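Heads up: numbering here begins at 1 and tracks the sequence. None of these values were measured; they are calculated from a predicted model.
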Amino acid sequence: MTDRFAVTSGTPFTVNGCPTALGPYCGGTWAGLMENLDYIQGMNFDAIWMSPIVAQLPQLTPDGRSYAGYWQQDLYDINYNFGSAEDLHALIDEIHARGMYYMMDVSVNHMAFSGAANNIEYSILNPFDDEKYYHPYCEVDYSGKNITSLEQCWLGSWFVPLADLRTEDPEVREIFGGWIKEMVANYSVDGLRIDTGVNVEPSFFTDFVESSGVFATAEVYLSNETAACQWEETVGSIINYPLYWPLTAAFTPYGSYDDLTAMMTSERASCKDTTALATFSENQDVPRFANHTSDLSLAKNIASFVLLSDGIPLIYQGQEQHLGGGTNPFTNREALWETGLNVFNPMYQHFATLNTFRRHVISVSKNYSATQNNVTHSDDHYLVLRKGIDGAQVITVLSNGGDSGPTEELALSSTKHGYASGMVLTEVLSCVNVTVNSTGYLNAPMAGGLPSIFFPADSLSNSSLCGMGGQKFGSEDIKATVTASTYTTTISGTPTAAVAKATLPAVSASSTATSTTTASSMALQTAADSRSTVSAAAIALALSSGVLGLLIGSVA
């Protein structure tokens with residue numbers, strides 16, 4: 001979320017911080033984001049989805065201000081609250097120079113107005129400056145059962161109505177097609193996140209995505225996987241809401257895995273390609289996971305599922321700081337700079353390890369991303385997943401026991417892990433080696449409710465993990481530097497000094513790697529590569545949604 005990620009260096013902090021619940025602009029900028037890309041890349045993310053860039057409704061309203069980026073009024077201008085056009089281009093160039101991808105957030109469902117729905121000045125909305133482009137006003141049915149209402153009625157509120165565009169109209173479709181093609185070229189866009197996708201008929205997206213020429217994923221806030229996957233067929237990918245609810249329920253203290261595993265099976269039957277779904281456990285429109293439970297072990301387990309399961313892992317800024325905001329009001333849109341961007345936070349380190357491991361597995365097992373994650377064991381406490389080709393499969397053992405989980409070994413037969421007797425596997429989070437015994441059992445060490453992740457020890461070479469050497473950030477042009485901090489912890493009741501270390505990219509604007517799409521003219525030429533590559537990337541949400549965001553039918 002651009003407004004809540006980082007301020008430009010030298011900007012004075014407000015005395016009382018950012019009053020997120022009131023919905024103001026808090027001062028985050030494109031320049032601030034660019035200055036802190038090391039923080040994102042330090043966790044080895046390779047794609048950044050950030051707030052919409054187009055010009056917004058300028059007024060202060062009873063619903064707050066347009067900091068989220070979904071109250072758009074001019075698609076051909078930018079939001080100067082975030083900085084200048086030069087700042088934006090510099091940011092995108094720097095993202096590309098680091099070998100990362102830029103995902104642009106767009107809305108094709110509506111335009112915004114401050115005032116009554118029956119008194120909209122359509123002439124100020126660009127390019128849809130006439131009432132003929134909009135559906136007649138009606139209140140949206142948020143139950144999710146009336147698809148026509150979701151697609152044609154108006155989102156927003158009494159104070160900020162979001163005029164619903166006639167996206168079924170050929171003229172509206174043509175205008176949008178031309179606009180998105182220009183935006184992709186002008187801003188070297190590698191991928192799209194499409195806001196309020198469920199509020200637009202699926203058929204709209206076939207030509208829209210084709211016009212963009214890049215990978216796209218759409219927000220489809222539905223719990224029914226059969227209904228949601230209609231948008232997956234025309235967009236190519238959707239944000240995986242059907243999995244979200246059973247996933248978060250499974251990782252409450254000693255929750256059940258039954259609904260989660262059932263949904264994984266059902267989605268494979270309903271969706272065209274589950275490996276293209278964007279899997280998440282937090283975003284800007286649902287309560288943070290730590291809002292449900294502050295348990296750090298459970299947070300690490302659900303994060304491990306997201307990063308190592310099927311689909312595109314999608315992580316919302318602040319998860320790495322274990323923030324716990326809710327959505328009524330939106331306290332989950334915290335000003336991240338108020339955390340100090342702490343790279344020693346245990347969750348930051350967890351994401352850094354998981355992303356580094358995932359990138360390495362993809363590099364040594366080219367078909368890893370395309371394989372499906374199979375549940376090989378499930379009981380009241382543990383869930384075991386197997387993903388990857390034979391001989392290079394990742395075995396992920398997850399626990400719902402929380403911080404008080406027992407110290408024990410979970411005996412997994414060869415049918416559950418697939419490795420031969422004598423195979424030495426490394427548990428990549430603790431760097432402990434475990435050998436499959438003579439009867440084919442893998443005795444997985446479990447402690448404190450933490451997850452365990454196993455991979456062949458000899459296949460970790462050049463991963464930069466567990467002392468195995470290699471380039472952490474995947475490019476010889478991006479060097480790594482280790483920073484350390486001393487802190488006090490308690491061991492056996494005695495305060496003890498300990499050292500925390502973090503590996504960060506040692507890069508600058510003048511010394512970064514070759515850009516993946518360094519010029520606007522290159523963007524469309526690299527479309528085919530973008531569509532396939534971004535779909536395998538780990539995406540960091542450095543952005544937001546709007547008033548009720550992804551809530552059923554999505555109020556932007």
Asker: With no hydrogens and no angle check, is any side-chain donor or acceptor of Thr331 less than 3.5 Å from a backbone partner on Gly326?
Answerer: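 Yes; judged by distance alone, with no hydrogens or angles, the pair exists.
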
Asker: Just by distance, with hydrogens left out, do Ser51 and Tyr70 show a side-chain donor and acceptor under 3.5 Å apart?
Answerer: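 Their side chains do not contain a donor-acceptor pair, so the 3.5 Å distance test is not met.
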
Asker: Side chain of Ser66, backbone of Leu57: donor and acceptor closer than 3.5 Å?
Answerer: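 Yes.
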
Asker: Verify, without hydrogens or angle tests, whether Ser297 (side chain) and Gly448 (backbone) share a donor-acceptor contact under 3.5 angstrom.
Answerer: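 Side chain of Ser297 to backbone of Gly448, a donor-acceptor pair under 3.5 Å: yes, one is there.
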
Asker: Whether the Asn301 and Ser304 side chains hold a donor-acceptor pair (N or O, under 3.5 Å, no angle test) is what I'd like checked.
Answerer: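 There is no such pair between these side chains.
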
Asker: Closer than 3.5 angstrom, by distance alone: can the side chain of Asn342 be matched with the main-chain N or O of Gln321 as a donor-acceptor pair?
Answerer: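 Between the backbone of Gln321 and the side chain of Asn342 there is no qualifying donor-acceptor contact (under 3.5 Å).
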
Asker: Short question: side chain of Glu282, backbone of Arg288 - any donor-acceptor pair under 3.5 Å?
Answerer: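 Absent.
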
Asker: Can you say whether the rings of Tyr348 and Tyr39 are parallel (under 30°), tilted (30 to 60°) or perpendicular (over 60°)?
Answerer: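 Taking Tyr39 first and then Tyr348, their aromatic rings sit tilted (interplane angle of 30° to 60°).
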
Asker: What I'd like to find out is whether the side chain of Leu308 reaches to under 4.5 Å of the side chain of Val361, using heavy atoms alone.
Answerer: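 No, too far: nothing below the 4.5 Å cut-off.
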
Asker: Please confirm whether Tyr187 and Tyr102 have ring centers closer than 6.0 angstrom.
Answerer: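 No, they do not, as the ring centres are separated by 6.0 Å or more.
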
Asker: Minimum heavy-atom separation for His360 and Leu460, please, with both atom names.
Answerer: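 Distance-wise, the nearest heavy atoms are NE2-CA, 3.7 Å.
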
Asker: Listing request: all salt bridge (Lys or Arg N to Asp or Glu O under 4.0 Å) pairs with a residue in residues 22-35, at least two apart in sequence or in separate chains.
Answerer: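 Listed once each, the pairs would be none.
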
Asker: Can you find a side-chain donor-acceptor pair between His322 and Ser294 that sits under 3.5 Å?
Answerer: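 Absent: no donor and acceptor within the cut-off.
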
Asker: Should the pair Tyr241 and Trp245 be assigned to parallel (<30°), tilted (30 to 60°) or perpendicular (>60°) ring geometry?
Answerer: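 Plane angle between 30° and 60°, so tilted.
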
Asker: Are side-chain N/O atoms of Thr61 and Gln59 paired as donor and acceptor at under 3.5 Å?
Answerer: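 No, because no side-chain N or O of Thr61 sits under 3.5 Å from a partner of the opposite role on Gln59.
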
Asker: We want to know whether Asn283 and Asp285 form a side-chain donor-acceptor pair, criterion being a heavy-atom distance below 3.5 angstrom.
Answerer: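 Not at all, the side chains of Asn283 and Asp285 share no donor-acceptor pair under 3.5 Å.
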
Asker: Any side-chain donor paired with an acceptor under 3.5 Å for Glu267 and Asn240?
Answerer: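 The answer is yes; a qualifying pair exists.
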
Asker: Tell me, please, which residues at least two apart from Tyr76 pass side chain to side chain donor-acceptor pair (under 3.5 Å).
Answerer: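 Checked Tyr76 against side chain to side chain donor-acceptor pair (under 3.5 Å); zero matches.
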
Asker: Would you please indicate yes or no on a ring centroid separation below 6.0 angstrom for Phe251 and Tyr257?
Answerer: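 Distance test on ring centres: under 6.0 Å, yes.
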
Asker: May I ask you to decide if Leu75's main-chain N or O and Trp179's side chain share a donor-acceptor pair within less than 3.5 Å?
Answerer: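 Pair found, side chain donor or acceptor close to backbone of Leu75.
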
Asker: Judged by modelled atom types alone, do Gln56 and Asn79 share a side-chain donor-acceptor pair under 3.5 Å?
Answerer: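 Looking only at side-chain atoms, Asn79 and Gln56 do not form any donor-acceptor pair under 3.5 Å.
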
